[in-house]
Number of protein chains: 2
Amino acid sequence: MKYIIKDLKIKGITLTPQRMAIIEFLKNNLNHPTAEDVYKALEEKYPSMSIATVYSTLELLKANGYIQELSIRKRGKACFDFTSKNHHHFLCLKCDSIIDIESECINTCPIVKAGQLEGCKVGEIQAYLYGVCSGCNKKTIKKSNKK
Amino acid sequence: MKYIIKDLKIKGITLTPQRMAIIEFLKNNLNHPTAEDVYKALEEKYPSMSIATVYSTLELLKANGYIQELSIRKRGKACFDFTSKNHHHFLCLKCDSIIDIESECINTCPIVKAGQLEGCKVGEIQAYLYGVCSGCNKKTIKKSNKK
DNA sequence: TTTAGAATTAAAATGATTTCAAATTAAGAA
DNA sequence: TTCTTAATTTGAAATCATTTTAATTCTAAA
Ligand SMILES: [Mn+2]
Ligand SMILES: [Mn+2]
Ligand SMILES: [Zn+2]
Ligand SMILES: [Zn+2]
């Protein structure tokens with residue numbers, strides 16, 4: 001899984017400094033960054049980097065199966081997940097944080113696998129849960145106590 | 001469920017002709033229309049209707065729990081589902097059609113319900129599957145046979 | 001070292017959605 | 001009814017994320 005660099009070379013994909021930096025950042029930031037997050041994190045170290053490069057590199061990594069793109073935010077920005085393990089996501093509607101959920105329930109769902117979708121090829125599966133995280137819940141309780 | 005009109009009146013929400021038309025359209029079009037779909041469908045009958053009204057009405061209906069907004073298209077438009085039954089969705093990446101999947105697997109998933117997400121309040125759940133629908137698969141087979 | 005193709009850049013363009021201020025309409029009071 | 005006020009609608013402009021463009025720079029292979 002960390003052989004992505006070697007892997008990309010084998011595939012004949014040019015490893016530019018920008019691409020290396022973006023991959024390195026994604027490796028160390030598994031908290032579902034947006035394209036803008038990546039751009040801002042790298043702009044001091046690589047002041048000339050363009051947001052267009054970030055988008056095109058994310059697209060490249062996605063197309064080659066190294067990252068997943070999540071559309072969990074209903075209208076906001078897309079975010080990215082540098083991980084191979086299959087998991088779900090929870091979005092806190094108060095603080096906008098995303099929490100990983102490890103679960104196989106979708107992949108093993110008998111109805112999805114069998115009954116419906118005959119003749120369909122299912123590739124990617126994303127499950128998004130929405131609500132209020134424990135941290136935000138605690139804050140709400142504190143506030144209501146004060147009143 | 002069809003008492004939405006009465007329901008909205010009770011809530012004190014004004015029932016304008018535009019809102020009535022949009023609700024009526026959504027009722028009869030359960031194929032996950034986008035805001036633009038709604039707008040285009042109504043523009044001959046209501047030539048003065050603005051797309052801003054469509055968006056604001058969809059927002060109103062969503063906020064009051066009558067419709068669901070889906071972000072299944074990774075970058076494209078949002079689409080809407082006038083239904084109360086909990087179900088999943090499949091998006092064909094070739095023809096852009098959306099198929100309903102009836103399944104309870106997410107809601108009953110023990111890991112989601114128990115293990116993780118302690119202290120979190122989970123409201124909405126959306127599961128999105130991506131792939132190629134049976135119709136598009138057949139077309140692909142035909143093409144490869146011709147060669 | 002040369003060179004051709006690929007990648008990067010900054011800026012402009014795009015597309016979906018939201019905001020805005022002015023005009024219209026709904027609904028309750030008189 | 002008519003008046004009044006607040007809510008809604010409208011069309012246009014603004015916003016925001018993402019993509020495209022064309023010029024420049026870089027990469028890698030000869
Ligand atoms: Mn994740
Ligand atoms: Mn549906
Ligand atoms: Zn939170
Ligand atoms: Zn299809």
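Predicted model only: the values in this text are computed from it and were never measured. Naming: A, B, ... by sequence-line order, numbering from 1 per chain.
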*For B:K27 against B:F82, the heavy-atom pair lying closest together*: CG-CE2, 3.6 Å

*Enter the distance from A:N31:CG to A:I99:CD1 here, rounded to the nearest 0.5 Å.*
12.5 Å

*Salt bridge check: are A:K74 and B:E69 linked by an N-O gap of less than 4.0 Å?*
no

Which pairs, protein N/O on one side and nucleotides 27-30 of chain C N/O on the other, fall under 3.5 Å?
none

*asked:* OP1 or OP2 of C:dT9 versus the side-chain N and O atoms of A:S48: is any pair under 4.0 Å?
replied: yes

*Have a look at B:T16 and say if it touches a base, only the backbone sugar-phosphate, or nothing, with a 4.0 Å heavy-atom cut-off.*
sugar-phosphate

*Validation row, ring centre A:Y128 to ring centre B:Y128 under 6.0 Å*: yes

_Pairwise side-chain contact, A:I5 with A:M20, heavy-atom cut-off 4.5 Å (strictly under)_ = yes

*Are A:V38 and A:T34 close enough that some pair of their side-chain heavy atoms sits under 4.5 Å apart?*
no

*When we call it a touch if two heavy atoms are under 4.0 Å apart, what does B:T34 touch: a base, just sugar-phosphate, or nothing?*
nothing

*asked:* Quick check on DNA chain C: between B:A52 and A:M49, whose nearest nucleotide comes earlier from the 5' end?
replied: A:M49

*When you match B:K74 and B:T53 each to their closest nucleotide on DNA chain D, which lands nearer the 5' end?*
B:T53

*asked:* Please give me every residue in residues 17-24 of chain B whose heavy atoms get under 4.0 Å of an atom in DNA chain D, ordered by residue number.
replied: B:Q18, B:R19

_Minimum heavy-atom distance between A:C136 and A:K94, given as atom pair plus value_ = SG-CB, 3.7 Å

_Could you tell me if B:D81 and B:H87 have a donor-acceptor pair between their side chains, going purely by distance under 3.5 Å?_
yes

*Could you check which of D:dT9, C:dT17, D:dG11 has an atom nearest any side-chain atom of B:A35?*
C:dT17

*Can you check salt bridge (charged side-chain N to carboxylate O under 4.0 Å, His left out) on B:E59 and A:R75, steps first, answer last?*
CA-CA 12 Å; B:E59 189 58 40; A:R75 285 161 204 191; 3.3 Å; yes

_Atom pair CD1/CG of B:I23 and B:N28 - distance to nearest 0.5 Å_ = 12.0 Å

Pull out every protein N or O sitting under 3.5 Å from an N or O of nucleotides 13-17 of chain D, one pair per line with the distance.
residue, atom, partner, partner atom, Å
D:dA17, OP1, A:K77, NZ, 3.4

*asked:* Between the side chains of A:D37 and A:K77, is the shortest nitrogen-to-carboxylate-oxygen separation below 4.0 Å, so that they form an ion pair?
replied: no

